[in-house]
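Here is the structure we will look at, set down as structure tokens.
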Amino acid sequence: VQLQASGGGLVQTGGSLRLSCAASGRTFGSLTMAWFRQAPGKEREFVSYISRSGVATRYADSVKGRFTISRDNAKNTVTLQMNSLKPEDTAVYYCAADGLLGTVVADYDYWGQGTQVTVSS
């Protein structure tokens, strides 16, 4: 499975960004998908996941109510809509696949290359 994340950038506090992750190499509908992030000097942390069908989602407490994960199985993409961004959201964001709806790095088998999100204060 190959994952390609895009959509990062620089935004001011309170702004929005939309991250996308395109998957290839396996039937997209068979993959659970997730987003993680890693800030400088910190461990990679869970942000959100979405089930194969898109029915089940979960969010880290720190992003709940501000971020929304969705998927389009026809287009083989998963999206993370990020609103009301804060400086503490600054990190490299990674999409991950095939993790059985887990919330830790070790749960996922496939990882994208990451996209930088920077929120200025």
Can you check whether [Y]'s main-chain N or O pairs, donor with acceptor, with [X]'s side chain at less than 3.5 Å?
X: Tyr59; Y: Gly65; value: no
X: Arg71; Y: Gly54; value: no
X: Thr77; Y: Ala22; value: no
X: Gln38; Y: Ala91; value: no

In terms of hydrophobic clusters joined by side-chain contacts under 4.5 Å, are Val105 and Val92 together? yes
Same cluster for Tyr94 and Ile50 if Ile/Leu/Val/Met/Phe/Trp/Tyr side chains link at under 4.5 Å? no
Residues 9-18, side-chain donor-acceptor partners within the protein, below 3.5 Å, at least two apart:
from  : atom 1 : to     : atom 2 : distance (Å)
Thr13 : OG1    : Ser120 : O      : 2.7
Ser16 : OG     : Asn83  : OD1    : 2.9
Arg18 : NH1    : Gln81  : OE1    : 3.0

Could you tell me how the ring of Phe46 sits relative to the ring of Phe36: parallel (under 30°), tilted (30 to 60°) or perpendicular (over 60°)? perpendicular
Are more than 12 heavy atoms, taken from residues, nucleotides or ligands other than Arg58, located less than 6.0 Å from that residue's CZ atom?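 Counting other residues, nucleotides and ligands, CZ of Arg58 stays at 12 neighbours or fewer.
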List the steps, then state whether side-chain contact (heavy atoms from CB on, under 4.5 Å) holds for Thr79 with Ser70. CA-CA 5 Å; Thr79 299; Ser70 61; 3.8 Å; yes
Can you spot which of Val117, Val47, Ile69, Val78 makes a side-chain contact (heavy atoms from CB on, under 4.5 Å) with Leu19? Val117
With rounding to the nearest 0.5 angstrom, report the CD to SG distance, Gln4 to Cys95. 8.0 Å
When rounded to the nearest 0.5 angstrom, what is the spacing between CG in Asn73 and OG in Ser53?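 With rounding to 0.5 Å, CG (Asn73) is 8.0 Å from OG (Ser53).
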I'd like to know if Asp61 pairs up with Lys64 as an ion pair, taking the criterion as any Lys NZ or Arg NE/NH1/NH2 lying under 4.0 Å from an Asp or Glu carboxylate oxygen.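 Judged by the 4.0 Å cut-off on N to carboxylate O distance, Asp61 and Lys64 do form a salt bridge.
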Taking the side chain as every heavy atom from C-beta outward, state whether [X] and [Y] have any atom pair closer than 4.5 Å.
X: Arg37; Y: Glu45; value: yes
X: Arg26; Y: Leu31; value: yes
X: Arg44; Y: Trp111; value: yes
X: Ser51; Y: Leu101; value: yes

At their closest point, which heavy atom of [X] faces which heavy atom of [Y], and how far apart are they?
X: Ala23; Y: Phe28; value: CB-CD1, 3.5 Å
X: Ala97; Y: Met33; value: CB-SD, 3.6 Å
X: Gly102; Y: Tyr108; value: O-OH, 2.7 Å
X: Tyr49; Y: Thr103; value: CE2-CG2, 3.9 Å
X: Cys21; Y: Leu3; value: SG-CB, 3.9 Å
X: Arg52; Y: Gly29; value: CB-O, 3.2 Å

Determine, step by step, whether Gln116 and Thr118 satisfy the side chain to side chain donor-acceptor pair (under 3.5 Å) criterion, reporting the C-alpha distance in whole Å, the side-chain angles of both residues, the deciding distance to 0.1 Å, and the verdict. CA-CA 6 Å; Gln116 177 70 49; Thr118 303; 3.3 Å; yes
